[in-house]
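Report on one structure; see the data block that follows.
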Amino acid sequence: MTRKRDLTRVRNIGIAAHIDAGKTTLTERILFYTGALYKIGEVHDGAAHMDYMAEEQSHGITITSALTKAAWQDHLIQIVDTPGHVDFTIEVERSMRVLDGCIIVLDGVRGVEPQTETVWRQRSRFDLPTLFFVNKMDRPGADFAQAMASIGKRLGGTPVPVTVPLPEEDAVVHLVERQRIRFLGEHGEEVVREPCDDVCWANLAEQREALLLGAAEIDDALADQVLAGAEPEPEQLWEVLRRGTREGLLHPCFGGSALRNLGVQPLLDAIVTLLPSPLDRPPALAYRPDGSEEEVVMRDDGPLAALAFKVQMWEGRRHVFARLYRGILRPGDEVAYQQPDGQVKKEHVARLFDVDASHKQRIDQAHAGEIVLLAGLRRATTGDTLCDPDHLLRLERIETREPVLSLAIEPASSEQEEKFLEVLEKLQEEDPTLRFGEDPETGQRLLSGMGELHLQIVLERLQREYHLRVRAGRPAVALRETIGREACADYLFQPPAEAGGNAMRARVRACVRPLERGAGIHTRAEPRVLPEGARLLDPQREALQQGLAFALGGGPVEGAPLEDLEVILEEVELFGSDSSPEALNAAVSRAVRRALADADPTLLQPIMTAEVVVPEENLGAVLGDLQSRQAVIRDTRREVGSSTIRCEIPLASLLGYTTTLRSMTQGRGQFSTQFERFDVA
């Protein structure tokens, strides 16, 4: 299949939200109204088109980002539906990296929630133009104005209302077009637009003023009109909204209820009108092997530059999702990519596919601006830049987070050992936040991930998808170590000389001092060398670095990775030929280890920001339970019939908390978390 798309009529967008805000339900409506689906699949029935994994259908949540396509007003909309659960945040991160705009879905009752803040930070990293869809406006307690206010308060955004929902009338009022839009038919597919009557318009004067004032902030001509009391034409207002959205100055808000088929079509109109095409986005910045920068302009002519942003095992075979930023890619083409360690690899692309959720269709070529699926790449992984072998480039890589929870795992039978190792290697390629390795202290094999649900889904996949039976231990929190005070150690390495062997001697003075949280590890290895006039040779300098790296391989308490400290090699004393590289390596590692042991070493635990929503009558009991779990309460907010608690709490205290919370609230309580930092509990 060969096709060439007009990029001005393409919109690559992501749909993201806090868990259970309704983004997959919204995606299903978009696909139905655009004709991409002939019937609507509901998440609660396990029938959503985008939630095609068995685990997604059984848990009723999105686990992996899925790509689909829809046509609206002679435009092609490529949509990525992303997970809302914090355990799968890497799916959002790598999707945002390759998109041109996004829609963030809010719960009309809850407004901005913890994972909404995470999503907002991710879209901010890539300066993605954003629309908000305030969903579930048919529910008791839903408040469109309050949800918009939370965008400004908690995200620092600039919300402007565009469609205000009237759920009791199955309608929305369009503040730009001054229309009342009703949604009739079995699934709201019949859109009836009529002029908004004067009474209704007068009731919405405050929202209309908020729209005009927000737009006037970024356009002087419009500001003059608004101050003069004149009504701007819809075309003029659309133009200002378009510019403000694409420059990140405005965030238009649309109210409705996806489940009740209310307000989706005006959002589709806005996707086409307000969000940018690939050509409207600034050129991508890439780096040549010599470190110089190059702007990658979105066009077909020019050497290939594409970003591999996701690896997925599809029908048992390895596939790579890629976004093309320049050039054309065809089956059989050779691509090169530079790995993080600097090595350059070359491979051939065997086949290209167009993707629609769980379906793929072979194509003959891919053009700049497109997101496609590649088969045949055996080693390319998330974050690699696929480029012309004669024009090496490196686009900005995708950041991954370190796992915070581990469990011991092994195959149920020794016959499956080889398959067990092979499958876990594949799963790590798919998911950069998943780690599998051996604990050097206990010899146990550990599977590490972003949370209990993350690890649970992996265990379910091992059994369902790969027919592997495994034995797994209880989840254990990943720890870090740091120091509490400054300390120094002076160590003379002088082992007894063996008969006939060479004497070894070297002295090192090393100091360590604590740094603020999140600072990482800093080293300074420019010591004063004694005796005066002596110099370190290159092999000796290398030995110092190796000894330093060895000493920092784990903390003195439990051997956990070290964080937030500085190591300074202050002094090195040489003893002629006795101070071999081996002697210096041993001296520096032992001096640093001794300094660490004397510096009040302490364990750091993952600290989570949690938001707990409970019925009003259970607030006191839940607060008391949280405080008994070492939670630091930051805020308590009361709403209609419920209360929201925001707190910081050690991850270890939250293991199994879901069951406790359900028991305390008769199944009505819910909580969400996101990783904040490693700290002393």
Side-chain angles (χ1 to χ4, degrees), residues 1-5 7 10-15 24 27-28 30-32 34-39 41 47-57 62-71 76-83 88 90-91 94-95 97-100 278 304 306-325 327-333 335 347-382 384 386 426-427 429-431 461 464-466:
M1 176 184 173
T2 304
R3 78 272 183 273
K4 172 73 171 80
R5 297 188 176 115
L7 283 186
V10 172
R11 302 290 183 270
N12 292 314
I13 66 164
I15 300 182
T24 300
T27 307
E28 293 292 314
I30 287 175
L31 295 177
F32 178 74
T34 57
L37 287 181
Y38 69 92
K39 70 171 186 175
H49 177 69
M50 303 299 282
D51 287 348
Y52 58 85
M53 285 176 63
E55 288 77 19
E56 293 178 315
Q57 293 164 3
T62 302
I63 292 168
T64 182
S65 53
L67 175 68
T68 191
K69 294 177 171 61
L76 175 75
I77 305 174
Q78 292 197 114
I79 304 167
V80 177
D81 178 33
T82 64
F88 311 106
I90 182 63
E91 294 286 339
R94 57 187 176 187
S95 298
R97 174 66 181 82
V98 297
L99 295 172
D100 302 319
L304 177 72
L307 185 73
F309 68 94
K310 180 176 176 175
V311 176
Q312 183 169 329
M313 302 307 296
W314 202 316
E315 298 166 353
R317 295 182 179 174
R318 191 179 194 274
H319 291 75
V320 176
F321 281 92
R323 166 82 190 267
L324 272 68
Y325 287 87
I328 295 176
L329 185 61
R330 299 179 179 86
D333 283 357
V335 297
E347 295 191 74
H348 285 88
V349 175
R351 291 175 299 282
L352 295 174
F353 299 96
D354 236 352
V355 180
D356 175 13
S358 61
H359 307 290
K360 59 183 183 181
Q361 181 181 10
R362 286 187 71 160
I363 55 176
D364 295 334
Q365 60 184 20
H367 298 265
E370 294 183 345
I371 299 173
V372 291
L373 187 68
L374 315 179
L377 301 180
R378 292 178 297 166
R379 295 187 186 86
T381 189
T382 299
D384 285 341
L386 309 177
K426 289 179 179 177
L427 291 177
E429 287 183 12
E430 282 189 351
D431 184 350
R461 285 188 66 194
R464 177 192 63 83
E465 203 171 317
Y466 297 101

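FYI, the numbering just counts along the sequence from 1. Values below: every heavy atom of this structure, side chains too, minus hydrogens, waters and symmetry copies. Keep in mind the model is a prediction, meaning the values are calculated, not measured.
Side-chain contact of Asn12 with Gln78: a donor-acceptor pair under 3.5 Å is present, judged by distance alone.
Side chains of Leu386 and Leu374 form a contact here, defined as non-hydrogen atoms less than 4.5 Å apart. The closest side-chain heavy-atom distance from Arg461 to Glu430 is below 4.5 Å. Contact of the Leu373 side chain with the Leu67 side chain is not registered, since no non-hydrogen atoms from C-beta on lie closer than 4.5 Å. The shortest side-chain heavy-atom distance between Leu329 and Val335 falls under the 4.5 Å cut-off.
Shown here for Leu352 and Gln365, the closest heavy-atom pair between the two residues is CD1-CA, 3.8 Å. The nearest pair of heavy atoms linking Val98 to Tyr325 is CA-OH, 3.6 Å. Considering all non-hydrogen atoms of both residues, Tyr466 and Leu427 come closest at CE1-CD2, 4.1 Å. Taking all atoms of both residues into account, the shortest heavy-atom contact from Ala306 to Leu324 is CB-CA, 4.0 Å. When every heavy atom of Pro331 is checked against every heavy atom of Ala350, the shortest pair comes out as CB-O, 3.4 Å. For Val311 against Ala380, the heavy-atom pair with the smallest separation is CG2-O, 3.9 Å.
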Quiz item: How far apart are the C-alpha atoms of Val349 and Leu377, what are their side-chain angles, what is the distance that settles it, and do they pass the side-chain contact (heavy atoms from CB on, under 4.5 Å) test?
Solution: CA-CA 6 Å; Val349 175; Leu377 301 180; 4.1 Å; yes
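Here Thr68 contributes atom OG1 and Glu28 contributes atom CD; the two are 9.0 Å apart, rounded to the nearest 0.5 Å. Residue Ile79 holds its CD1 atom at 5.0 Å from CD1 of Ile30, rounded to the nearest 0.5 Å. From Arg378, atom CZ reaches atom CZ of Arg317 across 14.0 Å, with rounding to the nearest 0.5 Å. Separation of atoms CD (Glu465) and CE (Met313) is listed at 8.5 Å; rounding is to 0.5 Å. Taking CG of Asp431 as the start and CD of Glu429 as the end, the distance is 11.5 Å to the nearest 0.5 Å. For the atom pair NE2 (His367) and CZ (Arg330), the distance works out to 7.5 Å, reported to the nearest 0.5 Å.
For Arg323 and Phe321, the positive end is not near the middle of the six-membered ring at less than 6.0 Å and at most 45° from its axis.
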